[in-house]
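Reminder, nothing fancy here: chain letters follow the sequence lines and each chain counts from 1.
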Amino acid sequence: MERSEEYIKNERKQDWRVALQKKIKAKDRMSIERALMAETAPEVRIKSQRIEVNTGLTKEQALTEASRCMDCVNPTCMEGCPVSINIPKFIKYIESDDILKAASVLKETSALPAVCGRVCPQELQCEQKCFYVTKLNQPAVAIGFLERFAADFERESGHVSTPEMATENGIKVAVIGSGPSGLSFAGDMAKLGYDVTVFEALHEIGGVLKYGIPEFRLPNAVVDVEIESLRRMGVKFITNYIVGQTASIDDLKADGYKAFYVGSGAGLPRFMNIPGENVNGILSSNEYLTRVNLMGADSEESDTPVLRGKNVVVVGGGNTAMDSVRTAKRLGADRAMIVYRRSEAEMPARAEEVHHAKQEGIEFLTLTNPIEYIADEKGRVCQMKVQKMELGEPDASGRRRPVPVEGSEYILDCEVVVVAVGVSPNPLIPNSVEGLDVSKWGTIEVVKDKMQSSIPEMFAGGDIVRGGATVILAMGDGRKAAKNMDIYLTEKYLSN
Amino acid sequence: MNKIVEKEHFSEKIVKIVVEAPLIAKSRKPGNFVILRVGEKGERIPLTIAGANVERGTIDLVVQKMGVSSTKLCDLEVGEYITDLVGPLGKPTEIHNLGTILCCGGGVGNAPLLPIVEAYKKAGNKVITILAARNKNLIILEDEMRKHSDELIVMTDDGSYGKKGLITEGMEEVIKREKIDECVTIGPAIMMKFCSLLTKKYEIPTVASLNSIMVDGTGMCGACRVTVGGKTKFTCVDGPEFDAHQIDFDEMMSRLGGYKQEEVDKFDQFQK
């Protein structure tokens, strides 16, 4: 649960922490080099969708890396964490070789530490606020690597802990969507004593963690272990259930549900509306990744087909585009290409993903934009017309606006095109709930710090509110919503 | 959940199954569909709901053996379970009392058409139903349709039953005979295309229900996109019914074959 600043400061003064602080001189800590994450060789990993790229720190590496952490009086790293993990505490437990305790610290505030340790953009969050970066201009403590190490160690040890739970209060709450936001919310509410049921439209729990992020970045087995932890905490899961369609919110209320958390995600893929975009062989990254990640279409045993081609173009520059193009490589493409309208510097994808993609032989056609698709006589895409771009004045996003270069069009061969230019919020909940305030973009309007919608008993977070963000921000919303829904329900039902 | 409680062979390749799905039985409306999956390696496929029994908590599905997934579904026996079943999905049919409705079903399209015929009749319309197929054996749900229609016309390509001729010939006869206020067409894409061309000529508002390729059925994948009135729509959340005169049927038919080669390969593998 949330701890006050003072509590965190006092914890730092505990004997074991003080002893550790004195064990190594600051100068010596600072002279240690940041650990390097071991990786499966590119030529090996591109042969399968299911070989993880990063293989994790060894225990020795982790203990050494943990000793780089200065256990700062003012741990600014924590300000950078959307779910407020007690970063110095878990790292110091690693340093003192009590890895299981480190893992239990992670679980105090994060429902998915093994997931976050893999997919969070730490370089923009905790690690960006690390003392090494802000004061020493040196590489940050590898907080993400350490988080992953502790979570993996616990899972592999077989001693998976369950966090401290409040007494059950019997109040039923429903979670709509089992992605990172819903799971984070469910974990916190279960800890607070609520009777939590998560409703999922698909046949698998995990949302984007299962259908979106590929196994080479986040193995499904890792996600399943975290879901199992939530089950042990009493969270119930119902798959194949679309709230608003299978049953209405009113039906659920009649079933005794007192409040709802909507984490239904950014469902609708965007397209560019250019000529030929609906010919065969052109699909959204959602479709492409769902076929492979959720339905296992990379395997011959799966009944679900997936399109393969020698030349695969992925349009876009975000993490989803990287996931798609690297998947294409693994499905056997000779040329797997990114076509992105701005330059590499503006790419929203994590630097690590771009780096890994390049190692794997992905081609980057930056400052290039598709303007038309050309189909063969069977109606399947065979070429795309692209146009070169140059960067002009900054636009509303602060990034320099790409401007077409006249007369620069040329033709690119492609048998498969994956469009990864963003998503819009899923309309199912906004359309099926009367009285719910929705923005003109289709996102649910909430009171920002509370995540409460225009319907008092309905809270929302993640991409259905943000329109398209990261796993960790969605999780942060889930925590915020849990805290505020608890206040709301306590006032309404538990205070006499 | 999802236990098969009844199974009936309409023909060698067309099977009706009644499956336990109490929540869907209660909440489904005419026009809605479900997504289902057979086996842990199964594909997610959409099927329009052909009927429901709320007391019994069951829904009816009519399936035609085409490829791997439909064959696996047809091969399930009473007492077995459908691995996953979710719905109801899609926008329901807009049912109003408009006057005279011409309902045109082709092949297994009769199955999703049945609840629509039923609803139009119940709303006070005069319902004229035309069922068409290549031959007598492929005409399904005739008795049920007759029960809810003021008039039922059967057309077969080979004349083995009812009148000989294409569905459009039967339609034109009716249209010339009396005023039709709305037309609904469900069947093979090519049939819907020609139904639509005919009613456009006579300026009769027409609705077609599309059976696009889908993965999730909730708007997420975009596999089911279709051009309607020059704009891209998603069959799953914007449809499955659209103004037939606005649908780009040629594109739609091409998109139905989007995974043809892959599907054929899977089927060959399955038969081995």
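Contact of Leu428(A) with chain B is made through the side chain alone, with heavy-atom distances under 4.5 Å. Only the backbone of Val306(A) comes within contact range of chain B, with heavy atoms under 4.5 Å apart. Contacts of Ile213(B) with chain A are made by side-chain atoms alone, with heavy-atom separations under 4.5 Å and no backbone atom involved. In this structure, chain A has no heavy atom under 4.5 Å from any part of Phe267(B). Of the two parts of Val279(A), only the backbone, made up of N, CA, C and O, holds a non-hydrogen atom closer than 4.5 Å to a non-hydrogen atom of chain B. Heavy atoms closer than 4.5 Å to chain B are found in both the backbone and the side chain of Ile282(A).
Comparing Leu85(B), Val237(B), Val226(B), Val68(B) by heavy-atom pairs within less than 4.5 Å of chain A, the highest count is held by Leu85(B). Among Ala21(B), Gly39(B), Gly219(B), Gly257(B), the residue with the largest count of heavy-atom pairs under 4.5 Å with chain A is Gly219(B). Per-residue counts of heavy-atom pairs under 4.5 Å with chain A were compared for Val38(B), Ile24(B), Ile45(B), Leu89(B); the largest is that of Leu89(B). Among Gly296(A), Gly379(A), Pro269(A), Pro427(A), the residue making the largest number of heavy-atom pairs under 4.5 Å with chain B is Pro269(A). Heavy-atom pairs under 4.5 Å with chain A peak, among Val215(B), Val86(B), Leu23(B), at Val86(B).
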Report every donor-acceptor pair between chain A and chain B with a separation under 3.5 Å, backbone and side chains included.
| unit_1 | atom_1 | unit_2 | atom_2 | d |
| --- | --- | --- | --- | --- |
| His203(A) | ND1 | Arg44(B) | NH1 | 2.8 |
| Asn240(A) | ND2 | Asp84(B) | OD1 | 2.7 |
| Gln245(A) | O | Ser27(B) | OG | 3.3 |
| Gln245(A) | NE2 | Pro88(B) | O | 3.1 |
| Thr246(A) | O | Ser27(B) | OG | 3.1 |
| Thr246(A) | OG1 | Gly87(B) | O | 2.7 |
| Glu277(A) | O | Arg225(B) | NH2 | 2.8 |
| Asn278(A) | O | Arg255(B) | NH1 | 2.7 |
| Asn278(A) | OD1 | Arg225(B) | NE | 2.8 |
| Asn278(A) | ND2 | Thr227(B) | OG1 | 3.2 |
| Asn278(A) | ND2 | Thr232(B) | OG1 | 3.2 |
| Asn280(A) | ND2 | Ser254(B) | O | 2.7 |
| Asn280(A) | ND2 | Ser254(B) | OG | 3.3 |
| Ile282(A) | O | Arg225(B) | NH2 | 2.9 |
| Ser284(A) | OG | Cys221(B) | O | 2.6 |
| Asn286(A) | ND2 | Met220(B) | O | 2.7 |
| Glu287(A) | OE2 | Tyr259(B) | OH | 2.7 |
| Arg291(A) | NE | Tyr259(B) | OH | 3.0 |
| Glu300(A) | O | Gln269(B) | NE2 | 3.0 |
| Ser302(A) | O | Lys266(B) | NZ | 2.6 |
| Asp303(A) | N | Lys41(B) | O | 2.9 |
| Asp303(A) | OD1 | Lys72(B) | NZ | 3.2 |
| Asp303(A) | OD2 | Lys72(B) | NZ | 2.7 |
| Asn426(A) | ND2 | Thr218(B) | O | 3.4 |

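Few gaps surround CE on Met272(A); more than 12 heavy atoms of other groups in view lie less than 6.0 Å from it.
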